[in-house]
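Quick notes on the structure that follows.
Note that the structure is predicted; figures quoted are calculated from it, not measured. Each chain gets a letter, A, B and so on, in the order the sequences are listed, and its residues count up from 1.
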Amino acid sequence: MSKVKVRFAPSPTGPLHIGGARSALFNYLEALNTGGELVLRIEDTDIERSDRKYEEEIIDSLRWMGIDWTEGVGAGGDNGPYRQTERLEIYNKYLEKLLDSDQAYECFCTAEELEAERQELLAKNEMVRYQGKCRYLSLEERQAKKDAGQKPAIRFKVPDNKVLVVNDLVRGQVTFESSNMGDFIIVKSDGIPTYNYAVVIDDVLMGITHVIRAEEHLSNTPGQLLIYDALNLKRPEFAHISLILGTDRQKMSKRHGATSIIQYREMGYLPEALFNYLALLGWSPEGEEEILSPSEIIERFSLKRVSKSPAVFDMDKLNWTNQQYIKKLSVEELTEMLRPYMDDSIYVNDLKGLSEYKLSLLIEVTREYLVCLKDISEHVAVFFTDIQYEDKALEVLQKPEVIEVLKLFVDNCPDFNEPEDVKKYLKDLMKANELKPKQVFMPIRCASSGQVHGPDLPVLLTIWGKEEVVRRINESIAKVS
RNA sequence: GGCCCCUUGGUCAAGCGGUUAAGACAUCGCCCUUUCACGGCGGUAUCAGGGGUUCGAGUCCCCUAGGGGUCACCA
């Protein structure tokens, strides 16, 4: 069996989104699992909407996620160029064959005519498809239109009564009939090929063995099959993977919130977490492990275990996955990754003012709350804001015996350099006054932070330092006295 | 509307004719603990409906229903 060669072929009309990333990922996984190759081709035939900046963005996003390719834009190769707009002569060569063999023809219909035809069919509740008006134009008629300055588009002549079977690796045999298809455009009037045509030529010329793409392309496939046949080209294998849906079960789109990879990157999701989560959307490994490294996923991946049914994108599970990866990081690694987010925080100066030791303490106790990196700012707030009294905390502070404890704490409070110092002092305090932990920890937490919940108390106090802690507690004493 | 695809808990899903129908997220409860979180333990919750085939059906076939995709000189 020959080597597997797959491709990811985005059109640079927007940033890489979740669905695209998942398609790229499955291609990548299939390639690496089989020892094959991944090609990156840019399908920029939509001149209006395509933009180089999106191409770069997509490439950045792919690399960030850890998806690599060995051929194509950004990697070179012998089958280039890899941008469709740079391959126009190639498409033309094949177009001539199609025209010469009478398998394609010029169409002079205008957008208005086409729209009228569509409306008419819609009104009659009939199948919307091109009726073939220009199919049998005589040479003279065509020439006359051209002389009049009309630029033709080229349509593919769909043969009658052909049964087209897509042997899909995930869906099995899917059958279509050519009678349900109208002659479709393969080259636009500006000379640029359409997707359905260019994709065939490119996949063949680039030696693609498996076309793995989203299910929305399944109904385009019979038309493409026709072109393979018309040109006598060998068909690749197809695998149409199901769509990713929003919680409303509609295809993921902008209105579902964050859909571009860049957004997840900015929020501070780790690439491995996204890689892991997306791989598990529509594919499941054997065994029960759910947290798998890229290499473990590559090793286990198989198209055979790809699901046919669409999957709803579940933010909760992504969050959980991300937390698992954050937990695996060392404090040093995490600190480095957190730097840009701390710089963006409104507490940037407070954070910068911390000693390295205190910063590591802070990150150590804060990490367990982090869902994604950008959350650092909100979880660090308690360290740097004035006391924000919650009702529950106030209730605690109202109790008369609590004031006594606070005073005791303040009166003999030593300097403390590390959490152990605080613990020791607290312990001594409890022992000397026969107090239980609960009678001490909660009052001090409430008095110093105004909150009934929060990070580990000894760490909290250590980061503030004695002066600040005493100041805060006195403030609370004054407030409730 | 035509064509095509899909249908196991709220979500991701395992399952490939015989199972007490896994597991994970979420949710609920308990434990751990100075609080929250983490962690540990446990609970609630699923085969869309109807016909077949079969000794036996989540698993095979058909129909219905629901959802989705696609019907562009977008990809």
Side-chain angles (χ1 to χ4, degrees), chain A residues 9-13 43-46 48-50 84 107 109-111 114-115 118 121-122 124-130 151-155 166 168 171 174-177 179-182 184-190 192-196 198-199 213-222 240 242-243 245 247 249-251 277 280-291 305 307-321 323 327 365-370 379 392-393 396 426 430 436-446 449 451-458:
Chain A
S11 57
T13 53
E43 308 212 325
D44 55 352
T45 54
D46 185 344
E48 289 292 305
R49 297 192 300 147
S50 291
Q84 290 186 324
C107 172
C109 293
T110 64
L114 259 16
E115 182 55 27
R118 190 173 306 129
L121 289 169
L122 229 39
K124 286 195 286 186
N125 234 327
E126 280 179 33
M127 208 182 309
V128 177
R129 53 134 131 92
Y130 184 62
K151 288 244 194 298
I154 312 294
R155 284 185 188 269
V166 181
D168 198 280
R171 263 147 236 289
V174 184
T175 306
F176 297 86
E177 280 170 44
S179 349
N180 292 326
M181 287 179 240
F184 55 92
I185 291 180
I186 56 177
V187 177
K188 305 177 229 176
S189 55
D190 60 2
I192 310 286
T194 60
Y195 165 74
N196 279 311
V199 73
R213 73 221 317 186
E215 194 197 334
E216 54 192 325
H217 291 291
L218 182 56
S219 44
N220 286 139
T221 311
H240 288 93
S242 56
L243 265 12
L245 273 25
T247 41
R249 309 211 67 103
Q250 303 283 112
K251 186 164 106 172
Y277 175 69
L280 258 27
L281 256 199
W283 170 75
S284 63
E286 284 184 66
E288 292 182 354
E289 291 298 299
E290 300 237 353
I291 298 298
R305 294 185 65 87
S307 164
K308 297 180 189 202
S309 43
V312 172
F313 186 80
D314 182 7
M315 201 63 177
D316 283 331
K317 186 128 187 202
L318 204 216
N319 285 340
W320 174 80
T321 306
Q323 280 186 79
K327 250 181 251 167
V365 297
T366 310
R367 68 184 305 174
E368 59 205 43
Y369 298 94
L370 288 182
H379 290 120
K392 277 185 184 162
V396 171
L426 254 18
M430 286 188 281
K436 293 204 177 331
K438 264 200 169 128
Q439 297 172 283
V440 174
F441 278 81
M442 190 46 77
I444 291 174
R445 174 181 295 286
C446 292
S449 72
Q451 313 273 305
V452 72
H453 303 310
D456 183 68
L457 193 65

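Base pairing annotation: B/rG39 forms a Watson-Crick or G-U wobble pair with B/rC31, both donor-acceptor distances under 3.5 Å. Across every strand in view, B/rA24 sits in a pair with B/rU11 that passes the Watson-Crick or G-U test at under 3.5 angstrom. B/rG1 is paired with B/rC71 under the criterion used here, namely a Watson-Crick or G-U wobble arrangement in which both key atom distances are under 3.5 Å. Using Watson-Crick or G-U wobble geometry with both donor-acceptor distances under 3.5 Å, B/rG18 finds its partner in B/rC55.
As judged by a 4.0 angstrom heavy-atom cut-off over every strand, A/G282 is placed among residues touching the sugar-phosphate backbone only. Among the protein residues, A/E43 comes within range of the sugar-phosphate backbone only, with heavy atoms under 4.0 Å from sugar or phosphate atoms but none that close to a base. Residue-level contact check: A/K436 touches neither bases nor backbone, having no heavy atom under 4.0 Å from any strand. Among the atoms of the strands shown, only primed sugar atoms or phosphate atoms (P, OP1, OP2) are found under 4.0 Å from some heavy atom of A/A311. Among the atoms of the strands shown, only primed sugar atoms or phosphate atoms (P, OP1, OP2) are found under 4.0 Å from some heavy atom of A/T175. Note on A/T247: nothing from the nucleic acid sits closer than 4.0 angstrom, heavy atoms only. Residue A/F313 is classed as having no contact, given no heavy-atom separation below 4.0 Å to the nucleic acid. When heavy atoms are screened at a 4.0 angstrom cut-off, A/D456 is found touching base atoms of the nucleic acid. Residue contacts shown for A/S309 are limited to sugar-phosphate atoms, with no base heavy atom under 4.0 Å away. In this structure, A/C109 reaches the bases: a heavy-atom distance under 4.0 Å links it to at least one base atom across the strands shown. Contact annotation for A/H217: base contact, defined as any heavy-atom pair under 4.0 Å involving a base atom. A/R171 comes within 4.0 angstrom of sugar-phosphate atoms only, judged by non-hydrogen atoms across all strands, and of no base. A/L243 comes within 4.0 angstrom of the backbone, heavy atoms only, and of no base.
Straight-line distance between the P atoms of B/rU8 and B/rA14: roughly 10 Å, to the nearest whole Å. B/rA45 sits 13 Å from B/rA21 when the C1' atoms are compared, rounded to a whole Å. Nucleotides B/rG10 and B/rC28 have their C1' atoms positioned 14 Å apart, rounded to a whole Å. Remark: the separation of the P atoms in B/rU53 and B/rG1 is 33 Å, to the nearest Å. Comparing B/rC62 with B/rA57, their C1' atoms sit 15 Å apart, to the nearest whole Å.
Of the possible polar contacts, none joining the A/R129 side chain to the A/F184 backbone as a donor-acceptor pair under 3.5 Å is found. Although no hydrogens or angles enter the test, the distance criterion places a donor-acceptor pair under 3.5 Å between the side chain of A/D168 and the main chain of A/H240. Between the A/S307 side chain and the A/S309 main chain, a donor and an acceptor come within less than 3.5 Å of each other.
Taking side-chain N and O atoms only, A/K188 has a distance below 4.0 Å to OP1 or OP2 of B/rA75. Applying the 4.0 Å criterion to OP1 and OP2 of B/rU70, one finds that A/K251 has a side-chain N or O inside that range. When the side-chain nitrogen and oxygen atoms of A/T45 are compared with OP1 and OP2 of B/rA75, one or more of them lie within a distance under 4.0 Å. The side chain of A/K317 places no N or O atom within less than 4.0 Å of a non-bridging phosphate oxygen (OP1 or OP2) of B/rA13. A sub-4.0 Å separation between OP1 or OP2 of B/rC71 and a side-chain N or O of A/R118 is absent. Note on A/R305: a side-chain N or O is less than 4.0 Å away from OP1 or OP2 of B/rG15. Close to B/rA14, at under 4.0 Å from its OP1 or OP2, lies a side-chain N or O of A/S284.
You'll find a donor-acceptor pair under 3.5 Å spanning the side chain of A/E290 and the base of B/rG23, going by distance alone. With hydrogens and angles left out, the side chain of A/S219 and the base of B/rC3 share no donor-acceptor pair within 3.5 Å.
The nucleotide whose nearest atom lies closest to any side-chain atom of A/D314 is, among B/rC25, B/rC4, B/rA72, B/rC25. Distances from the side chain of A/K327 to the nucleotides B/rA72, B/rC38, B/rA75 place B/rC38 closest. Counting only heavy atoms from C-beta on, A/V128 has its side chain closest to B/rA72 among B/rA37, B/rA72, B/rU35.
Note that CD1 of A/I291 is 4.0 Å distant from CH2 of A/W320, once rounded to the nearest 0.5 Å.
Contact between A/V452 and A/M442 at its shortest, heavy atoms only, is O-CE, 3.5 Å. Between A/K438 and A/P443, the closest heavy-atom pair is O-CD, 3.5 Å.
With the nearest nucleotide of RNA chain B identified for both A/P285 and A/D316, A/P285 has the one nearer the 5' end. Remark on RNA chain B: of its neighbouring residues A/M442 and A/N196, the 5'-side contact belongs to A/M442, judged by nearest-heavy-atom nucleotide.
Taking atom CE of residue A/M430 and atom C1' of nucleotide B/rU33, one finds them 13 Å apart after rounding to whole Å. In this structure, A/Y277 atom OH and B/rC25 atom C1' are separated by 9 Å, rounded to whole Å.
Annotation: side chain of A/K392 is not in contact with side chain of A/H453 (no heavy-atom distance under 4.5 Å).
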- Evaluate ring-ring contact (aromatic ring centres under 6.0 Å, His included) for A/H217 paired with A/Y195, printing each intermediate quantity in order. CA-CA 11 Å; A/H217 291 291; A/Y195 165 74; 5.2 Å; yes

